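Bear in mind that the values here come from a model prediction, so they are computed numbers and not experimental data. Numbers restart at 1 for each chain; the letters A, B, ... are given by sequence-line order, proteins then strands. Note that these values count all heavy atoms, side chains included, but never hydrogens, waters or copies made by symmetry.
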Protein chains: 2
Amino acid sequence: MLEFAILGLLHQAPMHGYELRKQLAQVLGGLRSISYGSLYPALKRLHAAGYVTTDEPDPRAPLPADAPPLTGRRGKVVYTITAEGKERFHELVGQSGPEAYDDGGLFGVRLAFFRHTAADVRLRILEGRRRTVERQREGLRASLSRTRERLDRYTLELQRHGLDSVDREVRWLAELIDRELTDGQPPRDGGADTGDPPAPPRP
Amino acid sequence: MLEFAILGLLHQAPMHGYELRKQLAQVLGGLRSISYGSLYPALKRLHAAGYVTTDEPDPRAPLPADAPPLTGRRGKVVYTITAEGKERFHELVGQSGPEAYDDGGLFGVRLAFFRHTAADVRLRILEGRRRTVERQREGLRASLSRTRERLDRYTLELQRHGLDSVDREVRWLAELIDRELTDGQPPRDGGADTGDPPAPPRP
DNA sequence: GGACCGATGTATCGGGACGATACATCAAGG
DNA sequence: CCTTGATGTATCGTCCCGATACATCGGTCC
């Protein structure tokens, strides 16, 4: 999941780890943040896989000691995405299977990079997510009506609130899907299931 | 967090790991489940700490080989809470500091066991949780109004939905607090922090 | 001038949780 | 009979988190 998000951000511009973390927190929805304990190992993995490069200028460079007034520039490391990294990102961005929406966290990241995602893939992800959350909702409803009597007030309240949240998410997703359908092809008309979508986000 | 939940469940009745997991899923609000990869190591820790015992009858028992028709009874292990475990649980149940509400997951578990929690502690936890979530909400609001223009439609929608969820949680908590205040002490009057709550579990 | 402080910045460590997986028993039913 | 599904115990590798350490920079306050 981090892999996708990092590649997505570096796809837009090279960045320091620190900046990356801030952007990440924003992309993730504001509340969910990413810790350095996840970020740096992830960057290391990406580096090892050849998806990013660093400008680390070899820490033990001789440095003839004749540029002391030169602006510090200590350990700052700028991470840049490579061609392989971009390829990998586009590969990931094209996935529309359950792995893209079964986990809410990954779905959030996918949504945040929807502008890089083809219209048909967007739709499949949104609908897959809706089905997943709907299933959750039904399970929750069933469990709640089954155990309503045996639960104390607080547990009941907890379940009620959970169900309410899930229900709201379903409605939200339905709204997104609706918007996707209505303003994705307002001027177009016949372009049905030819497998070749209007491909709107062509960077 | 698991420690608290497991002790809480075993406090009510001895159980198998399997049953524990099912109950846990219910207590956690239905959507959040616990994997065996967490559960069994947690039970092992609790066992090592002396908070639970097992009826494991020593796997390499001689078994004179004269009871084949005896009902299988393979590895089933029943976990039972000990006196130290109960003590530990009551110690945990008395905590009302930030550790009880800063993490949403733990807060949920605390709520699920509110019937074992003193009224004043309940109130402190609910109010602490509310303050935490309110802070989140304000941060989210600020971030949203700061970056409204620079975000694309999908990211914006994600943030909007997140803010909405948080807002709903605040209102839900306010409702719980209100109910706590109004029907916690209608007949009583002075019975403040005596540690002996009016026992409100009113079904 | 200098002392402090918060933002920027890189990095590791231990621990906890997860998903996947393996294995075993037993009841129900095609 | 034999396959499926529920019950049941347990581990492995991987990921992620919170805490922590360290270092630099631009301010502000006295």
Side-chain angles (χ1 to χ4, degrees), chain A residues 1-6 14-25 28 31-49 52 54-60 68-79 97-100 102-106 108-109 132, chain B residues 1-6 14-25 28 31-49 52 54-60 67-79 97-99 102-106 108-109 132:
Chain A
M1 189 214 79
L2 258 189
E3 179 187 359
F4 184 92
I6 291 174
M15 250 178 273
H16 293 169
Y18 188 83
E19 177 73 9
L20 213 37
R21 182 173 126 98
K22 280 197 305 182
Q23 303 264 349
L24 231 28
L28 272 268
L31 17 87
R32 227 171 254 305
S33 186
I34 271 330
S35 79
Y36 292 123
S38 315
L39 180 58
Y40 284 110
L43 283 170
K44 196 169 282 189
R45 284 195 299 272
L46 290 175
H47 187 240
V52 304
T54 70
D55 65 344
E56 188 86 36
D58 192 355
R60 58 230 174 283
L70 187 132
T71 44
R73 272 194 159 285
R74 199 186 22 86
K76 289 199 186 188
V77 182
V78 175
Y79 294 91
E99 71 276 3
D102 270 2
D103 172 46
L106 182 50
V109 180
T132 294
Chain B
M1 187 215 81
L2 258 189
E3 179 187 357
F4 184 91
I6 291 174
M15 249 178 274
H16 293 170
Y18 188 83
E19 177 73 10
L20 213 36
R21 182 174 126 98
K22 280 195 307 181
Q23 302 264 347
L24 231 28
L28 272 270
L31 18 85
R32 225 172 253 307
S33 186
I34 270 333
S35 78
Y36 292 123
S38 314
L39 180 59
Y40 284 109
L43 282 170
K44 197 169 282 189
R45 285 196 299 273
L46 290 175
H47 187 240
V52 304
T54 70
D55 64 345
E56 188 84 37
D58 192 354
R60 56 229 174 285
L70 188 133
T71 43
R73 272 195 158 283
R74 199 187 22 87
K76 287 200 186 188
V77 183
V78 175
Y79 295 91
E99 72 276 4
D102 270 2
D103 171 46
L106 183 49
V109 180
T132 295

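Taking atom CG of residue A:L28 and atom P of nucleotide D:dC16, one finds them 11 Å apart after rounding to whole Å. The separation between B:I6 atom CD1 and C:dA17 atom P is 9 Å, rounded to whole Å. Here C:dA11 presents its P atom at 13 Å from CG of A:L20, a figure rounded to the nearest Å. In this structure, B:L24 atom CG and C:dA17 atom P are separated by 11 Å, rounded to whole Å. Rounded to whole Å, the distance from NZ on A:K22 to P on C:dG6 is 17 Å. Rounded to an integer number of Å, the gap from NE2 of B:H16 to P of D:dG8 is 6 Å. Computed from coordinates, the A:L106 CG to D:dT14 P distance equals 20 Å when rounded to whole Å. Atom NZ in B:K76 sits roughly 16 Å away from atom P in D:dA6 (whole-Å rounding).
A:L106 and A:D103 get closest at one heavy-atom pair: N-OD2, 3.0 Å.
Between A:F4 and A:L2 the shortest side-chain heavy-atom distance does not fall below 4.5 Å.
Mapping A:E3 and B:E19 onto DNA chain D via the closest heavy atom, the residue that lands nearer the 5' end is B:E19.
The side chain of B:M1 lies closest to C:dA17 when the candidates are C:dG9, D:dG8, C:dA17. Side-chain atoms of B:K44 lie closest to D:dT11 of the nucleotides D:dT11, C:dT12, D:dT9.
Within 4.0 Å (heavy atoms only), A:R45 reaches sugar-phosphate atoms of the nucleic acid but no base atom.
Axis angle across the helix from C:dG1-D:dC30 to C:dG30-D:dC1, with five pairs used at each end and values rounded to 10°: 30°.
The residue from A:V77, A:L43, A:V78 that alone fulfils the side-chain contact (heavy atoms from CB on, under 4.5 Å) condition with A:T54 is A:V77.
The side chain to side chain contact (heavy atoms under 4.5 Å, CB included) check on A:P41 picks up A:R45, with sequence neighbours excluded. For A:D102, the side chain to side chain contact (heavy atoms under 4.5 Å, CB included) partners two or more places apart in sequence, or in a different chain, are A:P98, A:T132. Annotation: side chain to side chain contact (heavy atoms under 4.5 Å, CB included) contacts of B:E3 (sequence neighbours excluded): B:L7, B:L46, B:Y51, B:R88, B:L92.
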Polar atom pairs between nucleotides 18-21 of chain C and protein, under 3.5 Å, N or O only, would you list them?
residue : atom : partner : partner atom : Å
C:dC18  : OP2  : B:S38   : OG           : 2.4
C:dC18  : N4   : B:G37   : O            : 3.4

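A close approach under 4.0 Å does not occur between any side-chain nitrogen or oxygen of B:Y40 and OP1 or OP2 of D:dA10.
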May I have the list of side-chain donor-acceptor pairs in residues 16-23 of chain A shorter than 3.5 Å, sequence neighbours left out?
residue : atom : partner : partner atom : Å
A:E19   : OE2  : A:Q23   : NE2          : 2.9
A:R21   : NH1  : A:I34   : O            : 2.4

